[in-house]
2 protein chains.
Amino acid sequence: MTMLDERTKKILYAVVENYINFPDPVGSRTVAKSYSFGLSPATIRNVMADLEEMGFLLQPHTSAGRVPTDMGYRFYVESLVAESAFLHKEPLRELYKRLATLRDNIDILFSETTKTISTLSHYLGIAMSPKPEVTTLKKIELLKYKDDKIAAILFTDEGMIKNKVISLGAEVTQKDLNRIAGYLNSEFSGHTFDEIRQKVVQEMSKEKIMCDRLISRALKICQEAFYFLYGDLFVSGLSEVLDLPDFTDLNKIKELSRAIEDKHTIIKLLDKLSELDGVQIIIGSENSMDEMKKFSIVVSACKEGDRPIGVVGIIGPTRMNYSKAIYIVDNTARFITRILAER
Amino acid sequence: MTMLDERTKKILYAVVENYINFPDPVGSRTVAKSYSFGLSPATIRNVMADLEEMGFLLQPHTSAGRVPTDMGYRFYVESLVAESAFLHKEPLRELYKRLATLRDNIDILFSETTKTISTLSHYLGIAMSPKPEVTTLKKIELLKYKDDKIAAILFTDEGMIKNKVISLGAEVTQKDLNRIAGYLNSEFSGHTFDEIRQKVVQEMSKEKIMCDRLISRALKICQEAFYFLYGDLFVSGLSEVLDLPDFTDLNKIKELSRAIEDKHTIIKLLDKLSELDGVQIIIGSENSMDEMKKFSIVVSACKEGDRPIGVVGIIGPTRMNYSKAIYIVDNTARFITRILAER
DNA sequence: ATTAGCACTTAACCACTGAGAGTGCTAAAT
DNA sequence: ATTTAGCACTCTCAGTGGTTAAGTGCTAAT
């Protein structure tokens, strides 16, 4: 990381903070006045010119003040994280009370969590249940549904319940289903969905096993049941962000709405992030998705031991109140982690 | 309905259609030219002035052409419906093929349907599963989940599967759960969720019954299970509508996004509409929700016999291609109805 | 090294203008 | 009695120029 002397840093932080609070390019005069450095605007100007040269700031046009670049925000955020500035605040427990009552129904819990996050932050709240790769099966139940159709109910260790209707092509009795379920549970419970998929493919290639009608049927059911299950992504608060001065540009709105409608790419991104610990921050162009290069993401995984059981976070403009965002995300993730652990 | 002579009607329709195709106020010249009435602009002007007086058209400003009012659109749409203009087109079967494969998992079916509708129409696609008032219980299964928690799996005649985790406060064996489920099924299957809720309240007031530990426990489970289940609303295609010239106004976008984020009010509206047959159209100010007074809604219920099993539709600007919208909604609703019936 | 002073740049605002589109009205034509 | 041509009028829109205010970079003095 580039080394900056203390004074230069302070001025950079001042610019960033001022811009976060007031969405106008900030000039040397403003910095000199509001942050009592005991320096004249002229000196500040020199420093700001240096900062611009180094790529931390830029001028929208010659006669305007400066605005942080993504690199500028990054530098600022690193200092926040280093000082854990966001930890010095009150926890939000009060506001989460309602969420605690939803602990047993994880989908609703996550979707409500996004609403809480978005009203708290005035940015987009996001939450995602774990990706199937790491979801471990607790129990599978098979219920006769109608004619040749059965319902497979999958219980995961993370507390999700997924159900899927499967057409078998031939009627099966509930008794048989119970035996099949018993077999599947003994074989697969405790394994991740990914492992199960692989195992199924392996097993199905063995001829001996496939001769057993029951087992072969069981494996086919399994293949169906675990096919194309993915983490659910919840997003809310679009109307919140539309009130921000950052979103007066119609194109930016379009990009954002395209990004959140094409959930797939966001899911992929969050999947990656869900493996890391603590609050993760991605600022503007650091983002690999094109549609997201004008936005920042602040997320944190909820973990049970080492296993991720969900991700919560915020999407907002790069001109985001990172301190507040980190604080909210960190608190929420800890809270969700806690109530899911107590479950 | 106001009586208009044939020529006046034709001119009104011409204005509406032109405006739907080109989003600029339409002038007398344009009408005279493009719709070969054999009339001069001056005559058209007189007629248009009449139409304005009657409230079918209005001028954004003195020197502009005319734009239809909601009443103008209404009159136009009535004529479309009367002639079933939208029926003379090819059915969309090809495009629906993918949807048919999802018939067993109604939530995914509905959410994918909204995507299909929005890409076809370039407006917002909406779909909703039936409200609990009319949803009838097919079967309830109770599964032991963890400690004192059980999972209730509700199968409905409409093909939905809902699950809910319930804390009992005391452990119960799976055997007991099966007996409880048996009791609940014999009592309640075939009834709507609403009826069940009422019945539960009634039963619970009878002292004799509540003495039976099993039954009292069963009723408590039921009360929990059927509490706060509501129809799921799916919406997609926001990025589609943002490309329309009607949505250059940021405020309009805000209103729309507020409306679709506050799903509750839309759900209430669709609930009402789901009881009616055929395509229902609500134009702008006809809408009772304030946030929706600048938009139009075209919906159709999917029914199995008399029972609504879902609603599909479109939300778009009042300057909507109603003919196309009606056509898409009508076709989609019929298609969904059909594949759900074959199920 | 810092700062005061000053010339310079630019966006934002405003008033003004002319072109263009479309109207309503009146008087002529059918 | 309708329809139409003609014309004056109205209003938006895009472009122009001038002014202001903010903020800069540079230079020379501190």
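Throughout, protein chains are lettered first and strands after them, A, B, ... in sequence-line order, and every chain is numbered starting at 1. Quick caveat: nothing in here was measured; it's all calculated off a predicted structure. Because only heavy atoms are used, hydrogens play no part in the values below, and waters and symmetry mates are left out as well, while side chains stay in.
With no hydrogens or angles considered, no side-chain donor-acceptor pair links B:T116 and B:T113 at under 3.5 Å.
The side chain to side chain contact (heavy atoms under 4.5 Å, CB included) test with B:Y76 singles out one residue from B:Y19, B:Y13, B:F56, and that residue is B:Y13.
Nearest nucleotide to the B:N46 side chain, out of D:dT4, D:dC11, D:dG25: D:dT4. Candidate nucleotides D:dA5, C:dG24, C:dT10 were compared by shortest atom distance to the side chain of B:R66, and C:dG24 ranks first.
Distance NZ (B:K33) to C1' (C:dG22): 14 Å, rounded to an integer number of Å. A straight line from CE of A:M48 to P of C:dT2 spans 16 Å, rounded to a whole angstrom. Look at CZ on A:R29: it is 14 Å from P on C:dG5, rounded to the nearest Å. B:D24 places its CG atom 12 Å from the P atom of C:dA21, with the value rounded to the nearest Å. The interatomic distance linking B:Q59 (CD) with D:dC9 (P) rounds to 18 Å, in whole Å. One interatomic measurement links the two molecules: NE2 of A:H61 to P of C:dT9, which rounds to 15 Å at whole-angstrom precision. We find that CG of A:L39 is positioned 11 Å from P of C:dA4, with the value rounded to whole Å. Distance CD1 (A:I44) to P (C:dT3): 9 Å, rounded to an integer number of Å.
At least one donor-acceptor pair closer than 3.5 Å links the side chain of A:Q59 to the backbone N or O of A:A64. A donor-acceptor pair is defined here as one N or O able to donate and one able to accept, closer than 3.5 Å; no such pair exists between the side chain of A:E240 and the backbone of A:T119. With A:T69 contributing its side chain and A:G55 its backbone, the two residues share a donor-acceptor pair below 3.5 Å.
Distances shown here put every side-chain N or O of A:T43 at or beyond 4.0 Å from the OP1 or OP2 atom of C:dT2. Between A:T62 and C:dT10 there is a side-chain N or O to OP1 or OP2 distance below 4.0 Å. Residue B:R7 has a polar side-chain atom (N or O) positioned under 4.0 Å from OP1 or OP2 of D:dT3. Dashed line: the shortest gap from a side-chain N or O of B:S63 to OP1 or OP2 of D:dC11 is not under 4.0 Å.
Below 30°, between 30° and 60°, or above 60°: for A:F295 and A:F247 the angle between ring planes is below 30°, a parallel geometry.
Axis angle, first five pairs versus last five pairs of the helix from C:dA1-D:dT30 to C:dT30-D:dA1: 20°, rounded to 10°.
Where A:A64 and B:G38 meet DNA chain D, the nucleotide closest to each residue was compared, and B:G38 sits on the side nearer the 5' end.
Residue A:R45 places a side-chain atom within donor-acceptor reach of the base of D:dG25, judged by atom type and a 3.5 Å distance cut-off alone.
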Chi angles and distances behind the side-chain contact (heavy atoms from CB on, under 4.5 Å) call for B:K272, B:K268: CA-CA 7 Å; B:K272 250 186 271 169; B:K268 262 169 70 180; 6.0 Å; no

